[in-house]
2 protein chains.
Amino acid sequence: MNAPFDPGRAPVDLRAAEKVSCLRCCLRELCAPHPGEFSPADKAFLRSLVKEQNIRLRRGQNLFHAGDPFRNLYAVHTGAFKSVLIGSDGRELVSGFSFAGDMLGLDSIGDRRHPSHAVALDDGGVCVLPYSHVEKTAARVALVQRQLSRMLARELRQHQEFAVALGIRSAQERLATFLFNLSRRFAGRGFSSTRLRLPMSRTDIASHLALTAETVSRTFTQLEREGVIRVSAKTVEIVDSAGLSERANLAPVPLQASRA
Amino acid sequence: MNAPFDPGRAPVDLRAAEKVSCLRCCLRELCAPHPGEFSPADKAFLRSLVKEQNIRLRRGQNLFHAGDPFRNLYAVHTGAFKSVLIGSDGRELVSGFSFAGDMLGLDSIGDRRHPSHAVALDDGGVCVLPYSHVEKTAARVALVQRQLSRMLARELRQHQEFAVALGIRSAQERLATFLFNLSRRFAGRGFSSTRLRLPMSRTDIASHLALTAETVSRTFTQLEREGVIRVSAKTVEIVDSAGLSERANLAPVPLQASRA
DNA sequence: CGCCTGATTTGATCCATGTCAACTCCCGCG
DNA sequence: CGCGGGAGTTGACATGGATCAAATCAGGCG
């Protein structure tokens, strides 16, 4: 039923020449902010960052658990993952979703322990980057060091924006923003930006947006009635992209004025 | 009226020997995670990070504006600052407060542009660390590099937790958490952990916690009625620290059960 | 000292979202 | 092919915090 689109599959065959493909795929974030910026020598360093390639996980399996000692960063190779943050009071919250090319474990650098679970939402694979090794390489390859800082800083910015979103925005704005961002992220990976397969459950989305599953469901329905998206189980089609981003950002003061 | 306590003044006289004091104060975060970890040579590097010392700002002045190109990190020397994040939709939100010893500008590393204003809440001063210089030093002094990553990662974690808080927690939990954290931060700086002078307005607090000023005010009153704190203008006294942290964390499910 | 202006508090009311509950849909399995 | 169970949807109702409005307070200034 949702066969026409499958973001679980990478746009190029990553298994053919893994060393090379990692440079183009998994480690994109770490390595290729500005393509061509690397010398062959740099690339040698980068390739050496990866210890184990394409570790396989089945849907539902944990890549790591909250509380586990932090030793590696992981680059998502295939599939999708959710990060489940365990709050200081024990409450769980889905802090983010990761797809091919994303880095997992960055939030653990601070205290050498994973603050969150990483759970596979689909069968998938990851590459392993021993962090000690990354640090050492960063010390020698300035670009890697800079890029590491940048990745952290970017994630920081994202969480900042995210905090704003959770605090201020309405359910519709949050969901629209969520879809909008997913669309952008998929597009950046070569997938359709209008036809999204959401590998996570409504409950996961709800948790991520700090809403209830009921509200998420209602808001999906609402966006559908307004002709912005079409929903069919796990697949969402963005019908009116402009309308979506309108609903995502909205005016500075989203009062009842905007409902007329 | 609030003379007995003045967190605006540093616990030691920082102006006496600024080079040295910076190592103990402003750059604490960057430099002294584990005291004694530095060789004299390391320290020389560290000292050289600071370009201008103790730049002065008057209350209300901006250290930098959102959109300004990012060139420096700043270590707060004296006083207090708020960071005002400009969301993608133009809405403003106070993303954090910084006190002596805190670093400002970390969230700008990602895109070389400040995403937020930094505004002085009191007269104060900062030290300037040209980021290019920090990067170069990090490349030579492994500890600095590691510490830079750690600072970023820690801030990341904080924002993560914070997002959770904003999304899930009640007004009372948020305010209690806020006071609790401030108390800890002040304590770490050698100030009283029970008698806090809040240099920011209620509106700032409200914005930071994603509440309205009215709700913040009401919640202060409520906590006071419950005998947890005593409020007098800008000064808050924590009367029942245990009660406060109880209200900050709360049970996994803060349902009506907890109201009986 | 008393005024003036902005900050804070307090009160009354409204609304978005949570909560609880029932129903439907989908998918794997016997 | 029908069954069962979990995920998703929908409805009715409750409520925390927002909103609007007004009173009070604080602090600088004539």
Side-chain angles (χ1 to χ4, degrees), chain A residues 1-3 59-60 82 91 93-94 121 165-176 197-207 209-225 229-236 247 250 252-260, chain B residues 1-3 59-60 82 91 93-94 121-122 165-176 197-225 229-236 247 250 252-260:
Chain A
M1 183 141 289
N2 47 31
R59 155 197 268 257
K82 66 174 173 183
R91 276 180 276 200
L93 178 136
V94 174
L121 294 169
L166 292 192
I168 294 185
R169 301 189 156 180
S170 69
Q172 194 181 65
E173 287 176 285
R174 291 184 214 184
L175 189 60
R197 189 185 146 263
L198 309 182
M200 71 293 285
S201 72
R202 297 291 134 106
T203 306
D204 286 336
I205 298 174
S207 168
L209 301 179
L211 297 169
T212 58
E214 291 94 326
T215 300
V216 168
S217 177
R218 275 188 258 269
T219 308
F220 266 123
T221 308
Q222 190 184 342
L223 285 174
E224 190 163 30
R225 269 201 306 266
I229 59 174
R230 249 182 313 155
V231 185
S232 150
K234 298 239 170 236
T235 304
V236 173
R247 266 155 256 254
L250 267 189
V253 187
L255 300 176
Q256 45 274 60
S258 66
R259 315 180 65 223
Chain B
M1 183 137 288
N2 46 34
R59 155 198 268 255
K82 66 174 174 183
R91 275 179 277 201
L93 177 136
V94 174
L121 295 169
D122 281 322
L166 292 192
I168 294 185
R169 300 187 157 183
S170 71
Q172 193 180 66
E173 286 176 285
R174 290 183 215 185
L175 188 60
R197 186 184 150 264
L198 308 181
M200 70 295 281
S201 71
R202 298 291 133 104
T203 306
D204 287 335
I205 298 174
S207 168
H208 182 54
L209 301 179
L211 298 168
T212 59
E214 291 94 324
T215 301
V216 168
S217 178
R218 275 188 256 270
T219 309
F220 266 124
T221 308
Q222 190 185 341
L223 286 174
E224 191 164 28
R225 268 202 306 267
I229 61 176
R230 248 181 317 154
V231 185
S232 149
K234 299 238 171 235
T235 304
V236 172
R247 268 156 255 255
L250 270 187
V253 188
L255 299 177
Q256 43 274 61
S258 65
R259 314 181 66 223

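The model shown is predicted, which means the values in this text are computed figures rather than measured ones. Proteins get letters first, then strands, A, B, ... in listed order; numbering begins at 1 in each.
Put simply, A/T203 has no side-chain N or O that comes within less than 4.0 Å of OP1 or OP2 on D/dA7. For C/dA16, neither phosphate oxygen OP1 nor OP2 lies less than 4.0 angstrom from any side-chain nitrogen or oxygen of A/S170. Taking 4.0 angstrom as the limit, B/T215 places a side-chain polar atom (N or O) nearer than this to OP1 or OP2 of D/dA18. Proximity of B/K234 to the phosphate of C/dT8: a side-chain N or O atom is located under 4.0 Å from OP1 or OP2.
The side-chain heavy atoms of A/I229 and A/R247, taken from C-beta on, include no pair separated by under 4.5 Å. Contact annotation: the side chain of A/V236 never approaches that of A/L223 to less than 4.5 Å [non-hydrogen atoms, C-beta and beyond]. A heavy-atom distance below 4.5 Å is found between the side chains of A/L175 and A/I205.
Within the nucleic acid shown, A/A206 has no heavy atom closer than 4.0 Å to any nucleic acid atom. Within 4.0 Å of A/S201, counting heavy atoms only, lie sugar-phosphate atoms of the nucleic acid but no base atom.
Between the CG atom of B/L209 and the C1' atom of D/dA18 there is a distance of 15 Å, rounded to whole Å. The interatomic distance linking A/I168 (CD1) with C/dA16 (C1') rounds to 16 Å, in whole Å. Taking atom CZ of residue B/F220 and atom C1' of nucleotide C/dT10, one finds them 16 Å apart after rounding to whole Å. C/dA16 atom C1' lies 10 Å from atom CZ of A/R174, rounded to whole Å. If you measure from atom CD1 of A/I205 to atom P of D/dT9, you get 9 Å, rounded to the nearest angstrom. Rounded to an integer number of Å, the gap from A/L175 CG to D/dG8 P is 13 Å. If you take CZ of A/R202 and C1' of C/dT24, they are 14 Å apart, rounded to a whole angstrom. B/E224 has its CD atom 14 Å from the C1' atom of C/dT10, to the nearest Å.
A distance of 11.0 Å separates CD of A/E214 from OG1 of A/T219, quoted to the nearest 0.5 Å.
Taking 3.5 Å as the limit, the base of C/dG11 and the side chain of B/R218 contain a donor-acceptor pair of atoms between them.
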Candidate pair B/H208 and B/K82, rule side-chain contact (heavy atoms from CB on, under 4.5 Å), full reasoning: CA-CA 9 Å; B/H208 182 54; B/K82 66 174 174 183; over 6 Å; no
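A residue-by-residue look at A/R169 and A/E214 shows that A/R169 has its nearest nucleotide of DNA chain C further toward the 5' end.
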